[in-house]
Visitor: 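Structure incoming, see below.
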Amino acid sequence: MSDPVPGFVPLVSVIVPARQAAHTLAACLNAILASEGAPLELIVVVDGPSPDGTADVAEAHGARVIQLSDRLGPAGARNAGAAACAGDILVFVDADVAVRPDAIALLVRSFDDPPVAAVFGSYDREPSRLTVASQYKNLLHHFVHQAGRERANTFWSGLGAVRREAFDGIGGFDSARYRRPSIEDIDLGHRLREAGREIRLVKSAQGSHLKLWTAFGIFRTDLFDRALPWTELILRAGRMPTDLNLAPRHRLGVAATGVLIASLFGTAADARFIYVALTALLVAVAAGADIFRFFVRERGIVFAILSVPLHLSYYAASGLGFAMGLFRHAAGPIPVRGFLETRRIFTNTSVLAIGEVAARGFSFLATVHVARVLGAAGFGRIELASALALYVGVLSTFGLDIVGTMRVAVDPDRARVLARTITSLRVALCCVMTAALLSLTWVVPRFAGIRMLLLLTTIPIFAESLSLAWLFQGLERMKRIAAVGILGQAAYAAGVFAFVKRPDDILRVPVVSGFGAAVASGALGIVAWRALRRLPEEKVSGLTKALLTDAAPLAAITAAGIVTYNADVIILGLLGDDRHIGIYRAAGRIAGVFQMLGAAFSTAVFPSLARESRVRENLRSALDWAVRTSAMAWIVGAAVLIAAAPLILRWTFGVSYEEATRTLRLLFLAAAVVGVRAQYRSALVVLRQTRRNLPPTLWAAGTSVLLNLLLIPRFGLLGMALATIFSETLMLVLMRRQVDVAFRSVPS
């Protein structure tokens, strides 16, 4: 680069990306217009529709407004501003930053040194928001930047400047990779350094941050928008920086926080782990001692103490993000092009997983209470009735939930007519299947003794037939699914603890379960009615027939899959006794929690696979990624749970159920196989090759029945588990082959 021409005054263009920023933009622009130094070209790039009047605020302050029709994210918005401006120096200021009067001049003056290609400043000591979370986040940023090296290895676009020729030379911000606020500025700095350009940190160039932070918002941002993408950048670069918040002492703090969390869980097994937890806490606090001393000087000892949980949360998010980044890197690259948004998938997975943990936690506590109160024999009768009633649930659902999810994901405007039609069909099917089940009790003498129990067990199935969880899955409103799941299971658990207190209370269990299901379905129904009433009421010719046609193969496949899942319980009910059913199903319930928790990933990824199906290559790439990711997660989870199986049984169902330990270990392996297979099942659905699911499922169902008949008399509970894992593995292998055939048969 040539030396600057003597007397030459560069034109400075200030670019402010803004979206829904009217509440902070006025203060931001007023501060820029009051800045010292060279004349400014002020550009505000409105990133997609902003109905709060962001563009009006910008125009009122005399800024040149660039209105983007679609949302590109801050990276794309800054690129658009840079392409439209005339400046030799590009100054980037976030819409929630009010710069000090001398900040921009200090940045621009730094370019008097020819080697300097980019400079950036920091937040000041006076965040505008006075909540503990806001002060913590902004003061931490200020401290980290003020303690950093002036010859920097990174860049910050909240208040930063770049020479135009350097910016254009590396292609600007990576708007394809970073479509939302993330580390697009750190990535820019990395590429500048790779090109041999120099970046400076100008500590005196400061601005006030106007954002209101919450504790949850900090954790989510640190995890998904900082730690996770930063890890991916580190892995691409092949080296770990040691500046700013990646200094070795902070890595120690991350490790200590991980030990702290693990030790707190360990106290459930051995109270002595509390000493490990306390030691880890001291190490984590010591790792951030310089930061806490700064907090004491700035805000006092009380604020410093209140900030400790927030800082531990920061360490936890950093560690979790690093682990997830390694995990995703090992799982393989994710296509940048296409509709697959991995952040959304991981967010939805996290939401569903948290909801599943809470909901299944309530359900599991209720199940343990029932098993302990009723004893193994009474619990076995409940489980036998549930195994038979499960067929009513599957055939009354008839695959309509999966078809509905896919249709809503692709065409959400028809959500209202789909909700009405599918709900009506499910209720009608539920009535037919309940009548068929009850008629069975007059044919099979073994089931006659549990006729009333069977009838009551269909109550939750009727309630669940009204559930619109499939609708919210298609709309990717996972928080609502998680919330009502927790609500329903909490109601069930409360009812069980209140009304099931003696062995002869067995008939109350399905009634209370039905109440919990009704609470969940009713809550979702209210939310759905409010959301869908704005959509047009329309009649779609032939919709009922089309839905049943699409769903019929899924119903057959699911029914056959249920044979694989619970044929063992029914066969044991015919060949054995209620006590052994209870012991086996105790292990099955534990493995089921693991399986349902892992299923959150396949549930979250399904809408994205449905959108990716528009381009076969994108779907193939996305499916491969989903399979690798789920396989790694299941393997790690299964290994941990297999080792802990005896403790888990003892803590939950009690010593009398410990004979199911080996059975439980095999069922954990079977759950892992099912979790991986779910991705292939989803792929066949979105390829509209659902019928290809049927042959593998039928083979697995037949194998399961045959093996159970052969192995139960000889090996008992262990034989049932061996039959389960063999048949599930067979289905996985056959289904993978069907997916390969489907991809070859479907045109690009």
Visitor: Without swapping roles, check the side chain of Asp505 against the backbone of Arg502 for a donor-acceptor pair under 3.5 Å.
Guide: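 Side chain of Asp505 to backbone of Arg502, a donor-acceptor pair under 3.5 Å: yes, one is there.
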Visitor: Is any side-chain heavy atom of Leu669 closer than 4.5 Å to a side-chain heavy atom of Glu728?
Guide: no
Visitor: Would you mind reporting whether Val509 and Tyr492 have side-chain heavy atoms less than 4.5 Å apart?
Guide: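 Yes, close enough: below the 4.5 Å cut-off.
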Visitor: About how many Å separate CZ of Arg426 and CE of Met433, when rounded to the nearest 0.5 Å?
Guide: 14.0 Å
Visitor: Nearest heavy-atom pair of Ala587 and Leu664: which atoms, and what distance?
Guide: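 Heavy-atom minimum between the residues: O-CD1, 3.3 Å.
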Visitor: Keeping the roles fixed (side chain from Ser513, backbone from Pro510), state whether a donor-acceptor pair exists under 3.5 Å.
Guide: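 No, Ser513 side chain to Pro510 backbone: no donor-acceptor pair under 3.5 Å.
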Visitor: What pairs of residues pass the side chain to side chain donor-acceptor pair (under 3.5 Å) test when at least one of them lies in residues 660-672, not counting sequence neighbours?
Guide: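 Applying side chain to side chain donor-acceptor pair (under 3.5 Å) to every pair that reaches into residues 660-672, excluding sequence neighbours, yields nothing.
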Visitor: Could you tell me which non-hydrogen atom of Phe462 sits nearest to which non-hydrogen atom of Cys431, and how far apart they are?
Guide: CE2-SG, 3.6 Å
Visitor: Other residues, nucleotides and ligands only: do more than 12 of their heavy atoms fall within 6.0 Å of CZ on Phe726?
Guide: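 Counting neighbours around CZ of Phe726, 12 or fewer heavy atoms of other residues, nucleotides or ligands fall under 6.0 Å, so no.
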Visitor: Answer whether the closest heavy-atom distance between the side chains of Val739 and Leu623 falls below 4.5 Å.
Guide: yes
Visitor: Does some side-chain heavy atom of Trp699 sit less than 4.5 Å from a side-chain heavy atom of Met731?
Guide: no
Visitor: What's the separation between atom CD1 in Ile642 and atom CZ in Phe668, rounded to the nearest 0.5 Å?
Guide: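 The CZ atom of Phe668 is 8.0 Å from CD1 of Ile642, to the nearest 0.5 Å.
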Visitor: When rounded to the nearest 0.5 angstrom, what is the spacing between CD1 in Ile459 and CD in Glu464?
Guide: 12.0 Å
Visitor: Compare every heavy atom of Val676 with every heavy atom of Ala631, then report the nearest pair and how far apart it is.
Guide: CA-CG2, 3.7 Å
Visitor: What distance do Arg736 atom CZ and Leu684 atom CG have between them, rounded to the nearest 0.5 Å?
Guide: 13.0 Å
Visitor: Taking Arg692 for its side chain and Arg681 for its backbone only, find out whether a donor-acceptor pair lies under 3.5 Å.
Guide: no
Visitor: Checking side-chain contact (heavy atoms from CB on, under 4.5 Å) between Ile506 and each of Val370, Leu456, Val373, Ile382, which is the one that passes?
Guide: Ile382
Visitor: Give the minimum heavy-atom separation between Leu711 and Ala723, together with the two atoms involved.
Guide: CD1-N, 4.2 Å
Visitor: Given 3.5 Å as the limit, does a donor-acceptor pair link the side chain of Thr458 with the main chain of Leu455, or not?
Guide: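 Such a contact is found between Thr458 side chain and Leu455 backbone.
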Visitor: If I take atom CD1 from residue Ile725 and atom CE from residue Met720, how far apart are they, to the nearest 0.5 angstrom?
Guide: 14.5 Å
Visitor: Write down the atom of Ser521, the atom of Ala463, and the distance for their closest heavy-atom approach.
Guide: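 Of all heavy-atom pairs spanning Ser521 and Ala463, the closest is OG-O, 2.8 Å.
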Visitor: Is it true that atom CZ of Phe219 has more than 12 heavy atoms of other residues, nucleotides or ligands lying nearer than 6.0 Å?
Guide: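 More than 12 within 6.0 Å, yes.
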Visitor: Tell me whether Ser727 contacts the main-chain N or O of Thr724 through its side chain, where contact means a donor paired with an acceptor under 3.5 Å.
Guide: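 Between the backbone of Thr724 and the side chain of Ser727 there is a qualifying donor-acceptor contact (under 3.5 Å).
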Visitor: For Arg508 and Val500, work out which heavy atoms get closest and say how close.
Guide: CB-CG2, 4.2 Å
Visitor: Say you draw a straight line from CG of Leu722 to CG of Leu667; how long is it, rounded to the nearest 0.5 Å?
Guide: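 Answer rounded to 0.5 Å: 9.5 Å.
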